[in-house]
Amino acid sequence: MNIKHFLDHSFTESLTDLAGSDTPGIVKQAQRAEFGHYQANGVMAAAKKLKTNPRELAQQVISTLNPEIFTTKIAGPGFINIHLHTSFIAGELNKLHEDQLLGVDPVEPTKIVVDYSAPNLAKEMHVGHLRSTAIGDAIVRILEFLGQDVIRANHVGDWGAQFGSILAYMDRLSQAGESLSTELKDLEKFYKAASALFKTDDEFADIARSYVVRLQGGDPKCLELWQQFIDESIHHSQEVYNKFDITLTRGDIRAESAYNDDLPVIVQELSEIQELLVENEGAKCVFFDEFKGKDDKPLPAIIQKSDGGYPYMATDLAAARYRTRVLNADKVLYVVGGEQLLHLRQVFAVGRAAGYIRDNQEFKHLPFGMILKSDGSRFKTRDGAEVKLIDVLNEAIDRAFVLVSDKNPSLSEVEKQEIANVVGLGAVKYAELSKNRTTDYIFDWDTMLSFEGNTAPYLQYAYTRIRSIFRRASLDSLEGKIELAEEAEIRLGLKLLQFPEAIESTLDDYQANVMCNYLYELSGFFNTFYEQCPVLNSENPTSRLLICELTARVLKQGLNLLGITTVEQM
RNA sequence: GCGCCCGUAGCUCAAUCGGAUAGAGCAUCGGCCUUCUAAGCCGAGGGUUGCAGGUUCGAUUCCUGCCGGGCGUGCCA
């Protein structure tokens, strides 16, 4: 049950009856303990509309309600503070125990495509891919938990001019008798070597350019080299996904090149729509009044370049078309950097005009900020100045290993390694997810790999404390009822009941940090409970054990929705 | 120039789309391991929410102007 929904409906209904028109109750979780558990804020706005005294209106609202489960108090200018009965909280917790979904109501499934990660296959994944990958995967997991029909879309970059020098370099190496599979072990090095040659060696640059043309022309030898490189690169990214516990698999890849055959069709279809596609300076463009460039000049969406090539506008339109016509998506979420805001607005606008996006579909850009260096300058994305993602993950695991060895030296090497994996990777993912999606953030090893305070290990640690209690209790089964008495356990209990609300507000704007905040507060409440309320030595250990078990389930499930795993001990 | 985004404690970030006394972590200082793991708990200090107006019962949030920063702005993605 979603308590906030329940209360909001009650207060909205009451206010609407009194006001004679739709009037929201605006029920929210109270921000301070002294204001109760929830508060209804809608009275003041309603009183204004009705030109009555807000406190009197609040009194009327209260008298229409039949509050079996809560008490109310009018406060300040017209707030209604709502205090849930302890017996109600305990009762709901006991019901939660039977509920696989921990209070969350499953939805009527709709088809949702989530476009995320999308690395450029010319290079290895670097920290710049962290955001889209981690955020997208968390969104996918949460939607699936609710029962949505989710399609992961990994729109990897596997085509374009950048592959010219790579193919030319592959060719040169194989002619020199080098083993390509060895050379491709370090993609980053390979890419750098190829682009360095392109810059310094004119002959090589010419060959590289000719390879681009041959590749696009379908030259078999080029395609073979290209396929070999792509396979190797996909293998690399899959290793990162596996290590980082990202749910993407090879089957989720639909690369840019998959749309190659559709690109001329896009041009053809757009040209058939009256006055949509116009030729301008040799390029085929779509102009809309809403898009303006420098000096207020109309800004085109270029569908086909003057040299006949197709920019990513065309590919993205083809992808939109595919998602509508073939996948029949209700909703498409693009987890793509904020610098592409204008581009995606153009894609959506042209897509709508062309009928590739239908009126009943929602195509939504979920932008995220850039990663900056500690001096505030940006991590470059052109020439491999990036930190490799795999290096970040390994460093995190190494640091966690040192720490766990220090904290818990009696564990076996295998156990320490497993804990280091879970803790290290969790820390990296949480550092990413716990920040507001839309703002830029500074990449800093120590911040990202911190294991103290508001970090994944804090949540994982709370979990292990619970598991430790159960190891000591060594129960065969746990039968009984939860009874609440201490303030710390009431607060914890209510927080557990608010898991559905956390999921709801997380999806409100697809902000994973909302879920992080919830889990952090939950863990904090648990740690206070842990200090103040002995479990095994209490008068009613069963009740407290049941609270512990529920906390463990919510923590584990919540972390799992973020793509973070737990361990039994740390 | 124009468009979009941002500016909150020394640092990194919150603030549940207008709510009550703006909250955490890190760092600093003080207390708590003879009871379920101290990666923890309890407490202290630290703020003119960039600046100036406006809207109203009420503004970090909405509007206007300015200052500062970022991104984007026709054939890279």
Side-chain angles (χ1 to χ4, degrees), chain A residues 4 26 28-32 34-35 39 41 44-45 47-48 54 75-79 118 120 157 160-162 256 280-285 291-302 304-307 309 311-313 315-316 337-343 345 367 369-370 372 376 378 381-382 400 403-404 406-408 423 431 434-436 438-442 444 446-447 450-455 457-458 460-462 464-473 501-502 504-505 508-509 513-514 516-518 520-521 524 527-528 530-532 534-538 544 548 569-570:
Chain A
K4 188 175 129 179
I26 314 184
K28 300 178 176 184
Q29 292 176 19
Q31 301 178 30
R32 296 167 167 276
E34 62 190 280
F35 299 149
Q39 58 185 68
N41 297 339
M44 288 163 292
K48 178 160 196 154
F79 297 102
N120 178 354
Q162 58 199 324
E256 285 180 350
N280 195 289
E281 295 172 28
K284 296 204 168 80
C285 311
F291 300 114
K292 298 225 168 76
K294 284 173 183 161
D295 304 323
D296 255 13
K297 277 198 275 194
L299 182 72
I302 297 175
Q304 188 174 20
K305 300 190 285 181
S306 52
D307 66 2
Y312 77 144
M313 179 66 66
T315 316
D316 278 340
E339 66 269 24
Q340 299 207 30
L341 213 102
L342 178 60
H343 167 70
R345 273 182 56 213
M370 290 183 307
L372 307 175
R378 96 184 263 192
T381 49
R382 292 274 164 178
L403 187 63
V404 72
D406 179 52
K407 298 268 184 196
N408 217 338
V423 169
S434 61
K435 289 175 181 67
N436 185 305
T438 57
T439 49
D440 295 345
Y441 83 98
I442 292 165
D444 177 71
D446 293 330
T447 310
S450 165
F451 303 125
E452 282 181 352
N454 187 2
T455 62
Y458 179 86
Q460 292 165 324
Y461 182 65
T464 62
R465 281 180 142 183
I466 298 171
R467 299 308 305 155
S468 177
I469 292 173
F470 278 95
R471 275 197 298 280
R472 282 177 180 265
E501 296 172 37
E504 185 191 29
S505 38
D508 187 48
D509 194 31
N513 72 314
V514 174
C516 292
N517 287 344
Y518 168 77
Y520 179 62
E521 283 168 16
N527 277 328
T528 303
Y530 183 88
E531 300 282 336
Q532 292 179 7
V535 175
L536 298 175
N537 297 325
S538 71
R544 289 196 170 156
C548 285
Q569 50 184 344
M570 284 168 64

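Here the structure is a predicted model, which is why all the values come from computation and not from measurement. Note on naming: letters A, B, ... go to the chains in the order of the sequence lines (proteins, then strands), and numbering restarts at 1 for each one.
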Considering only atom P, compute the distance from B/rA44 to B/rU34 and round it to an integer number of Å.
-> 25 Å
Classify the nucleic acid contact of A/G338 as base, sugar-phosphate or nothing, counting any heavy atom under 4.0 Å across all strands shown.
-> nothing
Pairwise distance OH(A/Y461) to CD(A/Q569) - rounded to 0.5 angstrom = 12.0 Å
Please work out if A/Q39 contacts a base, only the sugar-phosphate, or nothing of the nucleic acid, heavy-atom cut-off 4.0 Å.
-> base
C1' gap between B/rU73 and B/rA77, integer Å = 16 Å
Distance in angstrom units between A/N517 CG and B/rA15 C1', rounded = 9 Å
Rounded to whole angstroms, how far apart are CG on A/D509 and C1' on B/rU61?
-> 15 Å
When all nucleic acid strands are considered with a 4.0 Å heavy-atom cut-off, which category describes A/T528: base, sugar-phosphate, or nothing?
-> sugar-phosphate
When the distance from OH of A/Y312 to P of B/rG74 is rounded to whole Å, what number comes out?
-> 12 Å
Backbone of A/K4 reached by a side-chain donor or acceptor of A/E501 within 3.5 Å | yes
Considering only heavy atoms from C-beta outward, does the side chain of A/L536 approach that of A/I469 to under 4.5 Å?
-> yes
Euclidean distance for P, B/rG10 against B/rG50 (whole angstrom) = 13 Å
Atom-pair distance (CD1 on A/I302; C1' on B/rC75), nearest Å | 4 Å
Please report the closest heavy-atom contact between A/V514 and A/S505, naming both atoms and the distance.
-> CG1-OG, 3.7 Å
Check whether any side-chain nitrogen or oxygen of A/K28 sits under 4.0 Å from OP1 or OP2 of B/rG19, and answer yes or no.
-> yes
Taking CG from A/D307 and P from B/rC75, how many angstroms apart are they, rounded to a whole number?
-> 12 Å
Could you tell me whether A/E281 contacts a base, only the sugar-phosphate backbone, or nothing, with contacts defined as non-hydrogen atoms closer than 4.0 Å?
-> base
How would you label the contact of A/L403 with the nucleic acid (heavy atoms, under 4.0 Å): base, sugar-phosphate, or nothing?
-> base
Assign A/N120 to base, sugar-phosphate, or nothing according to its heavy-atom contacts below 4.0 angstrom with the strands shown.
-> nothing
Roughly how far apart, to the nearest Å, are B/rG40 and B/rC66 at atom P?
-> 47 Å
Could you tell me whether the phosphate oxygens of B/rA14, OP1 or OP2, come under 4.0 Å of any side-chain nitrogen or oxygen in A/Y518?
-> no
Give a yes/no verdict on a cation-pi contact between A/R345 and A/F291, requiring under 6.0 Å between NZ or CZ and the six-membered ring centre and an angle within 45° of the axis.
-> no
Looking only at heavy atoms, the pair that brings A/C548 and A/I466 closest together is O-CG2, 3.4 Å
note: A/L342, atom CG; B/rA77, atom P; distance rounded to Å ~ 15 Å
Given the C1' atoms of B/rA59 and B/rG54, what is the spacing between them in whole Å?
-> 11 Å
B/rA77 OP1/OP2 closer than 4.0 Å to side-chain N/O of A/Q340 = no
Regarding the side chain of A/E256, the nearest nucleotide among B/rA77, B/rG72, B/rC57 is B/rA77
Can you name the nearest heavy-atom pair linking A/A431 to A/S434, along with the distance?
-> O-OG, 3.7 Å
Pairwise P distance for B/rG19 and B/rG58, with rounding to whole Å = 14 Å
From OH (A/Y530) to CZ (A/R544), nearest 0.5 Å | 13.5 Å
Could you go step by step and tell me if A/Y520 and A/Y458 meet the ring pair (Phe, Tyr, Trp, His ring centres under 6.0 Å) rule?
-> CA-CA 8 Å; A/Y520 179 62; A/Y458 179 86; 5.0 Å; yes
Nearest-angstrom distance, C1' atom, B/rG31 to B/rC17 | 41 Å
Of all the nucleotides listed (B/rC71, B/rC17, B/rU21), which has the minimum atom distance to the side chain of A/D508?
-> B/rC17
Tell me which of A/S505 and A/K297 sits closer to the 5' end of RNA chain B, going by the nucleotide each one is nearest to.
-> A/S505
Note, RNA chain B 5' to 3' with Watson-Crick or G-U pairs under 3.5 Å encoded as ( ), [ ], | and . gives (((((((..((((.....[...)))).(((((.......))))).....(((((..]....))))))))))))....
Looking across every strand, which nucleic acid part, if any, lies under 4.0 Å from A/F451 by heavy atom: base, sugar-phosphate, or nothing?
-> base
Given B/rC17, B/rU73, B/rA39, the nucleotide with the shortest approach to the side chain of A/E452 | B/rA39
Under 4.0 Å between any heavy atoms, over every strand shown, what does A/Q31 touch: base, sugar-phosphate, or nothing? Just pick one.
-> base
Sugar-phosphate only, base, or nothing, as touched by A/V404 at under 4.0 Å among non-hydrogen atoms | base
If a protein heavy atom is under 4.0 Å from the base, mark B; if only from the sugar-phosphate, S; if neither, -; do that for nucleotides 29-38 of chain B going 5' to 3'.
-> ------SBBS
With side chains defined as the heavy atoms from C-beta onward, is the minimum distance between A/D440 and A/M370 less than 4.5 Å?
-> yes
For B/rC76 versus B/rG1, give the span between their P atoms, rounded off to a whole number of Å.
-> 27 Å
Side-chain N,O (A/K305) to OP1/OP2 (B/rC76) below 4.0 Å = yes
Tell me, do A/S468 and A/R471 make a side-chain contact under 4.5 Å, heavy atoms counted?
-> yes
Check whether any side-chain N or O of A/N41 sits under 4.0 Å from OP1 or OP2 of B/rG18, and answer yes or no.
-> no
Which nucleotide in the set B/rA14, B/rA77, B/rG74 lies at the smallest distance from any side-chain heavy atom of A/N513?
-> B/rA14
Is A/K48 near enough to B/rU56 that one of its side-chain N or O atoms lies under 4.0 angstrom from OP1 or OP2?
-> no
Atom-pair distance (CG on A/N436; P on B/rC5), nearest Å = 13 Å
Let me know, please, whether A/F79 or A/L341 comes out on the 5' side of the other along RNA chain B by nearest nucleotide.
-> A/L341
Can you check whether A/Y520 stacks with the B/rA24 base, using ring centres under 5.5 Å and planes within 30°?
-> no
For residues A/S450 and A/T455, report the shortest heavy-atom separation together with the two atoms involved.
-> O-CG2, 3.5 Å
Correct closest heavy-atom pair for A/C285 and A/N280 would be SG-CB, 4.1 Å
Identify whether the glycosidic angle of B/rC33 places it syn (within 90° of 0) or anti.
-> syn
Please evaluate the base of B/rG1 for a donor-acceptor partner in the side chain of A/D296 within a cut-off of under 3.5 Å?
-> no
Using a 4.0 Å heavy-atom cut-off across all strands, classify A/D440 as base, sugar-phosphate, or nothing.
-> sugar-phosphate
Please name the pair of heavy atoms, one in A/D316 and one in A/H343, separated by the smallest distance, quoted to 0.1 Å.
-> OD2-NE2, 2.6 Å
Using a cut-off of 4.0 Å on non-hydrogen atoms, how would the nucleic acid contact of A/A75 be classed: base, sugar-phosphate, or nothing?
-> base
Round to a whole Å and report the spacing from CD of A/Q29 to P of B/rA20.
-> 14 Å
